[in-house]
Amino acid sequence: QVQLVESGGGLVQPGGSLRLSCAASGSIARFYAMHWYRQAPGKQRDLVATLTSGETTNYADSVKGRFTISRDNAKSTVYLQMNSLKPEHTAVYYCNARITRLTPLGMGYWGKGTQVTVAS
């Protein structure tokens, strides 16, 4: 069983930055992709960023140019650098490990999330 633990969330002012981390209990290099999702109060969980094992990245339109996903395989950690944050970025951010290419989006391993609050 793989455990994913997110950290780095908190309260930040609009325009500020945060870097989220997702530490895995085993190697992340074996997974097809790592994803970051977020869920705002009363809303569904949405995909924010993707990093495949082939180093392909994809971002939701709302975060392109602001967020960057990266990873350190040696540390089994995935990061989400978030810049120029806005109040609408407030949500619980979740890390997800998609096991293979055939694993449906939203399946695989999940962390418990980290709260990001953007407010002045």
Side-chain angles (χ1 to χ4, degrees):
Q1 183 71 16
V2 173
Q3 291 186 328
L4 302 176
V5 179
E6 302 94 336
S7 62
L11 173 64
V12 63
Q13 292 186 344
S17 297
L18 282 175
R19 188 177 80 157
L20 305 183
S21 299
C22 170
S25 59
S27 173
I28 60 174
R30 56 186 158 144
F31 297 126
Y32 169 69
M34 299 297 296
H35 303 283
W36 283 98
Y37 286 76
R38 68 184 175 196
Q39 187 168 19
K43 296 188 177 181
Q44 67 181 19
R45 190 173 297 187
D46 292 327
L47 180 60
V48 174
T50 296
L51 175 59
T52 71
S53 57
E55 299 297 329
T56 298
T57 58
N58 281 294
Y59 299 93
D61 287 342
S62 60
V63 306
K64 284 181 180 177
R66 298 178 184 272
F67 291 8
T68 303
I69 187 171
S70 63
R71 68 181 176 197
D72 185 334
N73 286 342
K75 295 182 178 180
S76 294
T77 300
V78 178
Y79 304 99
L80 185 67
Q81 178 67 43
M82 306 187 296
N83 298 327
S84 302
L85 285 163
K86 298 181 176 181
E88 52 262 44
H89 296 139
T90 294
V92 178
Y93 284 72
Y94 297 90
C95 179
N96 170 259
R98 188 174 169 197
I99 302 169
T100 72
R101 182 175 62 84
L102 299 179
T103 303
L105 279 173
M107 300 299 288
Y109 299 109
W110 287 93
K112 293 184 178 181
T114 185
Q115 175 70 48
V116 171
T117 302
V118 185
S120 56

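Only heavy atoms go into these numbers, but all of them, side chains included; no hydrogens, no water, no symmetry mates. Worth saying up front: this structure is predicted, and the values here are computed from it rather than measured.
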Within the distance-only criterion (no hydrogens, no angle test), does the side chain of [X] pair as donor or acceptor with the backbone N or O of [Y] below 3.5 angstrom?
X: Arg71; Y: Ala29; result: no
X: Thr52; Y: Thr56; result: yes
X: Glu6; Y: Thr114; result: no
X: Ser76; Y: Gly26; result: yes
X: Tyr109; Y: Gln1; result: no
X: Thr90; Y: Val118; result: yes
X: Asp72; Y: Val78; result: no
X: Asn96; Y: Met107; result: yes
X: Arg66; Y: Ser84; result: yes

His89 side chain reached by Val116 side chain, heavy atoms, under 4.5 Å: no
statement: Under a side-chain separation threshold of 4.5 Å, the hydrophobic residues clustered together with Leu102 are none
- prompt: Could you walk me through whether Tyr94 and Leu20 pass the side-chain contact (heavy atoms from CB on, under 4.5 Å) check?
  reply: CA-CA 10 Å; Tyr94 297 90; Leu20 305 183; over 6 Å; no
query: Which pair of non-hydrogen atoms, one from Arg30 and one from Val2, has the smallest distance, and what is that distance?
result: NH2-CG2, 3.3 Å
message: Can you give me the closest heavy-atom contact between Ala33 and Thr50, atom names plus distance?
response: CB-CG2, 4.3 Å
- prompt: Can you list the steps and then say if Trp36 with Leu51 is a side-chain contact (heavy atoms from CB on, under 4.5 Å)?
  reply: CA-CA 9 Å; Trp36 283 98; Leu51 175 59; over 6 Å; no
query: Just wondering, are more than 12 heavy atoms of other shown residues or ligands nearer than 6.0 Å to CD in Gln115?
result: yes
Quiz item: cation-pi between Arg45 and Tyr37, 6.0 Å / 45°: no
message: Could you go through Val63 and Arg38, starting from their C-alpha distance and side-chain angles, then the distance that decides it, and tell me whether this counts as side-chain contact (heavy atoms from CB on, under 4.5 Å)?
response: CA-CA 12 Å; Val63 306; Arg38 68 184 175 196; 3.7 Å; yes
task: Could you tell me the separation between the OG1 atom of Thr68 and the CZ atom of Arg19, rounded to the nearest 0.5 Å?
output: 11.5 Å
